[in-house]
Amino acid sequence: MTDDELILAVRAHVAGRGLPDPAFAKDVATFEQMVGHPMPDLLKRMYLEVANGGFGSGKALSLTDTGRWFSDRADLAMAYHDFAADPDYPLPPGIVPLMDRGCAMWALIDFRTTDGQMWDWDPNLCCLPHALAPLEQSLAQWLTDWLQGVIADGPYPHRELSSRDCPHW
C-alpha cells in the first residue's frame, strides 16, 4: 500500500470517531526540533492530514495537547520527556513513544529513519534494561497490520527478545 492509500484507509477507518482535527505544521516543526530529528514522512502526514492523535491500534498520542488524551500523558512531548527523564533507562536519541499499549507497554517510532521503524517497550517480558527492542517493521507496515486487524493486544508475537541470557529472564 502506498502512503497515499494508507492515509485514505486510515481516514476511512477512523471516520466518525471524533478524533482531534489535524495538527499544524508549526507543531510538527517544534516537536522535530525537540527530538533533534525530522519526523518520519508518513507519521508527519498522519498528524497533518488525518488527526492530531487517536489513530492506530492503541491510538497514537496527540502531537500537542488537544484536551483529548489517548494515554496518561497529554501529548508526545510529555511522553518523550518522561522517557528521557529516566536516568537509568533513557531511550536512545530519536526514539519517540508513540502509543501507550497498556500494562506499561508502548509502541515507539524511530525518528532517525525516514520510514519510521517501529520499536516496542515491554518491561513485562524480562526487565527494564531489556524492555526496548526493535520490531523490524516500518510505520507503514505497522499501520497496515492495524487496518487488517493483526496487531496483537499483548506482547508482539514477532518481537525480538533481546536477552535470553539476562539474569532476570
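Note: hydrogens, waters and symmetry copies are ignored here, and every other heavy atom, side chains too, is used. Residue numbers start at 1 and run along the sequence shown.
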I need the [X] [atom1] to [Y] [atom2] distance, nearest 0.5 Å.
| X | Y | atom1 | atom2 | answer |
| --- | --- | --- | --- | --- |
| L135 | D145 | CG | CG | 10.0 Å |
| L6 | L147 | CG | CG | 6.5 Å |
| D27 | N52 | CG | CG | 7.0 Å |
| L143 | H13 | CG | NE2 | 10.5 Å |
| S138 | D110 | OG | CG | 12.0 Å |

Can you find a pair of side-chain heavy atoms, one from [X] and one from [Y], that are under 4.5 Å apart?
| X | Y | answer |
| --- | --- | --- |
| I109 | L139 | yes |
| T30 | T64 | no |
| L43 | L98 | yes |
| L91 | V96 | no |
| L132 | P92 | yes |
| W106 | F83 | yes |
| V10 | W146 | yes |
| L8 | E5 | no |

For Y47 and M39, run side chain to side chain contact (heavy atoms under 4.5 Å, CB included): C-alpha distance rounded to whole Å, both residues' side-chain angles, the deciding distance at 0.1 Å, then the answer. CA-CA 10 Å; Y47 280 116; M39 186 178 287; 4.0 Å; yes
Any idea which heavy atoms bring [X] and [Y] closest together, and the distance?
| X | Y | result |
| --- | --- | --- |
| I95 | P97 | O-CD, 4.1 Å |
| L63 | A23 | CD2-CB, 3.9 Å |
| Q137 | Q117 | N-OE1, 3.4 Å |
| P20 | G53 | CD-O, 3.7 Å |
| M99 | G56 | CE-CA, 3.9 Å |
| P40 | F111 | CD-CD1, 3.7 Å |

Quick one: do M34 and L76 end up in the same hydrophobic cluster if we chain Ile, Leu, Val, Met, Phe, Trp and Tyr together by side-chain heavy atoms under 4.5 Å apart?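 Yes, M34 connects to L76 through the hydrophobic network.
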V14 reachable from M1 in the ILVMFWY side-chain graph, under 4.5 Å edges: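 Yes: a chain of side-chain contacts under 4.5 Å links M1 to V14.
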Inter- and intrachain pairs under side chain to side chain donor-acceptor pair (under 3.5 Å), touching residues 31-45, at least two apart: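 Non-adjacent pairs meeting side chain to side chain donor-acceptor pair (under 3.5 Å): D4-R45, E32-K44, R45-E49.
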What residues, two or more places apart in sequence or in another chain, satisfy side chain to side chain contact (heavy atoms under 4.5 Å, CB included) together with T114?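 Counting only residues at least two positions away or on another chain, T114 forms no side chain to side chain contact (heavy atoms under 4.5 Å, CB included).
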Could you check whether Q141 and D115, counting side-chain N and O atoms only, form a donor-acceptor pair closer than 3.5 Å?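 Checked: D115/Q141 side chains show no N/O donor-acceptor pair below 3.5 Å.
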